[in-house]
Each structure stands twice: as structure tokens, then as C-alpha cells.
Amino acid sequence: MPDIHIKNTRIYYNNSLQTAEIIIENGKITKIGKDFRISSSDMVIDAGGALTLPAGIDVHVHFREPGMALKENWYTGSCSAAAGGIATVIDQPNTIPPTTDRRSFEQKLELAQKKSIVDFGINGGVTGNIERLKELWKLGVTAFGEIFMAESTGGLNIDEEDFEEALAEIKRLGALATIHAEDEKMRLELEQLLKGEVSCDYHSKVRPNACEASAVQSALELISRLEVKAHFCHLSTLEAVGMIRKEKYLAKRENKATLFTCEVTPHHLFLSTRDWERLRSFGKMNPPLRGSHSIKALVNGLNDGTIDMVASDHAPHLESEKDVDIRAAPSGVPGVETLMPLMLAAVRKNILPLAQMIMVTSWNPAKAFGLDCLGKGRLEVGFDADLMIVDPRNLRPIQADMLHSKAGWTPFEGMDAVFPEYTLSRGEVIWMEESINAKPGRGKFLEGSGKRLEEDEED
Ligand SMILES: NC(=O)N[C@@H](CC(=O)O)C(=O)O
Ligand SMILES: [Zn+2]
Ligand SMILES: [Zn+2]
């Protein structure tokens, strides 16, 4: 592996933006400083004054393999990540077959190891398979879930009883539960009520703010009763942000550690119910597009630390599948490649400071999912050289035809973004000069702590 010397770059380090040089050896950052005059490094990258940042960690992607390789596969999905400045992803279990036992886990792991160009974790699915969770944990799943409290792609939703049992088992294992929080009962009632509804924002009406709020409320009660570590996926409402803020405040006041973290997606930050007309069924995702009050709350939550991280919920479906009636269309939008570019554009527009953007796209996800112990999440000596080099002056509109997902479309068409010039993963340049520069299968499986603990015990 060539060693790399990045020079003429700026980094956010020790609480300020500063000019620096970075030396990378054996895939790790080994020196950060100035004027390393004699470079014995094999490769010199002159960043031309551009920024070097930690590459993004996307804790929520659906790379669709096995079973739905027409929508995406581990190669195309991971190329899409790399081209968007993301060097680590965590894949969701609603594939075919779902990742709910040893066999399906090993099948996915083999495909990912053969094809992925970025490092990856794999989550274990939770349905009626409570007795399988231990086996999945020991195989090395990163976390459990997303656990679907309501129907979404893949039909893995579980009832209240199974949900509670699953959380209790996840607590026994010392693992992390990730939760898709929507109230299934409310959704079913509203579906009946809105049978004749033809308006283009139908989907936002059958899964209203209250539908998320109610599920977050009941999940929070369970989390605190069972004292299980949990993570809320794709929070989208003013109400949920309020509840999370209050819980975190109370925990802090009582000097207790918070048991949970939460994420927001770029589509809930940068799209709204006003986009229904433009996007039609292409704007259908769970939870759905929200109004401007929620968007304000999400941005504030991200700024004040209530929301811990941004994750894409990259959920590719083909154009032909989406271009049908709103009720028939599958839910989900692609987004792994546009996450970092949209966040960087948001920094340029003063929606949030650079320091906070770095926190919510690398360090916070690394900590919450135990990837910090594996050398992920920081631009710091000793950490993996998972980096992106970007010039924030290069704002340009997103165009579907320059993206790498098999989906072939994006809900963010035409929106301002800042794409990376380079993406590095463990010291290898995997994206440069607008091209992928990596062999399928170079990505490494990041073993979850259930497997690591088991190995320690064996030693
Ligand atoms: N977000 C979505 O609307 N769809 C996701 C599943 C999910 O995250 O709920 C998918 O896998 O298609
Ligand atoms: Zn979900
Ligand atoms: Zn999802």
C-alpha cells in the first residue's frame, strides 16, 4: 500500500481550521503537522488549499444484496458511497432473505466481502427470531435493526409484544437496538380513513407527525424501563426532536448517561411537503416528507446536539418501480452519495458550522456504533486514514447521471452540493479525478463487539 503525504491542505484540528500536512503510513494517519520537508512517501497529494476532513460514516444504508441486486448491489452501492466521500457504511437487514439468522448473515457477508469497496458493518434483523439474536450477535453484527415498529420496505415490522421481547434480549446481549419509529395502529387507521384521498401529499397524511411521535414516546418508555442501548433511525418531526431533547436534558440533570442516540436524513433536512408536487411518488419514503416547522426543528436539533448524526437511509428503488401511483410505489430514496455533498453545501450556507458537520457525519456515528474502537471516525494520529478532500468553493448542482447508484435518479436533482475530489479508505485513494479507483472486495468487514468479545474469551 503506498504511503501518502497530503500537503497544502486545511483541516479542522484542535478547535480551529488550520493549514497542515498529513502523513499516512500502512493505512493509518501517523503524522499531522507542518513543513514535512523531505517526503519519502510514495504519493504526494497537493490539495491546493482544499479541506481534508474525516470521511463520512453512514450508519443506515440499504445496499439490497442479496435478493434485490437490480436496485443496487454491494459494488454499485459502495462506489456510490466512495464518490460521495463516505468510507464506512452499515447495511440494513431488509434484504431477500432478510438478515435474521446465521445462513442469511453469512450469505450477505460473502457478497459484501467480494464486492464492497468501502468498509462495512452488517446489522442483524429482528422479526419473530428472538432466539436467533444471540447467534447473530456472536457472528459480528454491528447492531440490531432497524427494528420496524411499522410497515416499510421488506415487511419486517413486528408487533408490540415481540418488540419488547426483542429489546429485552438485546439488553441481555449488551447490544444496540436501532429503531424505525412509526405507530402501525395509527397508520392502519388513517389508511382506512383516507381511502378516497387523491392529493399528492397523501403519504404524509397517512403517516403524520403524530404517527412518529407516538412510536418514539412508547419506544422511549421501553428503553428507559429495560435500560437497553438504542438508536432512533431517521427522526423527522418537531415532536420527536422535542421528546429527545427533553429526555437528554433530564438524563444530564440527573447525571445519568443517555441510553440512546438518534439520526436525521438529508431528505428530511432538505426536502419538505412542498416537494410533493415536483417529486410525486418519487418523494415517497418512510417516515414521509414533513412541513417547514419540523425542518426547522431538525436543523436546530442538529446544531444543539439533540440529534447525534446524519445518515442517508439510502433506499434505492428503480425509476420504473417508483414511477407509478403513490399507493403502489415502494417507499425510499437513494442518498448515500449526496449525504456529505449536501451537508457541505449546508455549511457553506451557514445552516450549521463545519465543526458540527464533522461531528455528526464521522465521530458521533463512530462512537454510537462502536466503530471508534476499530480506528474509525477521526482525523487524528493513530486513526484509520479514512478521509475526504473537498474544495468548498466548488458548489455544483446534483445531477442523477453523475451518481453511481443503480437507482439512476435522485430526489435532490438540481440542488447545490460540494462533491469530494478525493476519498481515501485506510490510506488507499478509492475516488479521484471523478473516477472510482478501487477493486471490488477491498472493503473490510467491521466486526461487531459481540464477535470481538467472543474472540477475546477464546484467547
Ligand atoms: N425508508 C424507506 O422508505 N424505505 C426503506 C426502509 C426503511 O428505512 O424504512 C427501504 O428499504 O426501502
Ligand atoms: Zn426505516
Ligand atoms: Zn432504512
Side-chain angles (χ1 to χ4, degrees), residues 58-73 77 80 89-100 108 121-127 142-158 163 177-184 187 202-204 206-207 211-212 215-216 219 230-237 240 262-269 271 275-276 279 281-290 309-319 321-322 324 326-336 339 365 369 405-407 409-411:
D58 189 348
V59 302
H60 191 146
V61 304
H62 299 266
F63 278 178
R64 304 298 192 207
E65 247 191 332
M68 291 174 276
L70 267 182
K71 296 179 197 272
E72 196 77 287
N73 64 51
S80 197
V89 296
I90 300 175
D91 189 58
Q92 297 293 333
N94 57 341
T95 37
I96 304 174
T99 318
T100 47
K108 180 176 283 186
I122 294 175
N123 272 2
V126 178
T127 49
T142 313
F144 288 100
E146 53 182 297
I147 306 174
F148 293 96
M149 293 175 76
E151 183 275 335
S152 194
T153 309
L156 294 185
N157 44 312
I158 62 176
F163 183 51
T178 70
I179 301 171
H180 175 130
E182 286 185 288
D183 182 327
E184 179 69 357
R187 182 190 78 81
Y202 162 78
H203 194 64
S204 293
V206 334
R207 294 171 181 254
C211 188
E212 177 173 275
V216 168
H231 171 79
F232 286 98
C233 302
H234 44 50
L235 286 187
S236 62
T237 59
C262 61
E263 76 193 28
V264 64
T265 67
H267 48 268
H268 291 120
L269 283 172
L271 301 173
D275 290 292
W276 271 122
L279 291 169
S281 51
F282 288 86
K284 182 180 180 186
M285 81 284 287
N286 305 324
L289 295 172
R290 303 298 186 190
M309 67 196 81
V310 180
S312 71
D313 191 9
H314 178 74
H317 298 286
L318 299 179
E319 213 165 326
E321 297 171 308
K322 286 293 258 185
V324 294
I326 187 77
R327 283 179 174 78
S331 297
V333 297
V336 70
L339 187 166
F369 286 79
S405 166
K406 269 197 170 186
W409 60 279
T410 167

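Counting starts at 1 for both ligands and their atoms, in listed order. This is a predicted model, so every value here is computed, not measured.
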- For atom 3 (O) of ligand 1, which protein heavy atom lies nearest, and how many Å away is it? Asn286 N, 2.8 Å
- Message: Taking Phe144's backbone N and O only, do any of them form a donor-acceptor pair with Asn123's side chain (distance below 3.5 Å, no angle check)?
- Response: no
- Message: I'd like the name of whichever of Gly332, Pro287, Gly145, Ser152 reaches closest to atom 7 (C) of ligand 1 through any heavy atom.
- Response: Ser152
- Query: Counting only N and O atoms by type, is there a donor-acceptor contact under 3.5 Å from the side chain of Lys108 to the main-chain atoms of Pro66?
  - Reply: no
- Identify, by atom number and element, the atoms of ligand 1 in contact range of His317, meaning under 4.0 Å from any of its heavy atoms. 12 (O)
- Message: Please classify the Ser331 to ligand 1 contact at 4.0 Å (heavy-atom distances, strictly less than): side chain, backbone, both or neither.
- Response: both
- Task: Tell me which part of His203 gets within contact of ligand 1: side chain, backbone, both or neither, using heavy atoms under 4.0 Å.
- Result: neither
- Any heavy atom of Asn94 under 4.0 Å from ligand 1? The part involved is side chain
- Message: Minimum distance, heavy atoms only, to atom 11 (O) of ligand 1: which one of His60, Gln92, Arg64 is it?
- Response: Arg64
- Student check: side-chain heavy atoms of Met149 and Glu212 closer than 4.5 Å: no
- Message: Below a 4.0 angstrom heavy-atom separation, can you tell me which part of Asp313, side chain or backbone, both or neither, approaches ligand 1?
- Response: side chain
- Message: Do Leu235 and Val264 make a side-chain contact, defined as non-hydrogen atoms from C-beta onward lying under 4.5 Å apart?
- Response: no
- Query: Counting only N and O atoms by type, is there a donor-acceptor contact under 3.5 Å from the side chain of Lys284 to the main-chain atoms of Ala329?
  - Reply: yes
- Rounded to the nearest 0.5 Å, the CG atom of Asn157 sits from the OG atom of Ser152 at a distance of 8.5 Å
- Note on the structure: Rounded to the nearest 0.5 angstrom, the CD1-OG distance for Ile326 and Ser331 is 8.0 Å
- Part of Glu146 with heavy atoms under 4.0 Å of ligand 1, whether side chain, backbone, both or neither: side chain
- Task: Would you mind finding which of Gly154, Ala315, Pro93, Pro334 brings a heavy atom closest to atom 5 (C) of ligand 1?
- Result: Ala315
- Task: Working to the nearest 0.5 Å, report the span between CD of Glu72 and OG1 of Thr95.
- Result: 13.5 Å
- Item | Proximal ligand 1 atoms for Phe148, defined as those under 4.0 Å from one of its heavy atoms | 7 (C), 9 (O)
- Message: Suppose the cut-off is 2.8 Å; how many protein N/O/S atoms fall inside it around the Zn ion (ligand 3)?
- Response: 4
- Of the backbone atoms (N, CA, C, O) and the side-chain heavy atoms from C-beta on, which set of Lys284 has a member under 4.0 Å from an atom of ligand 1: side chain, backbone, both, or neither? neither
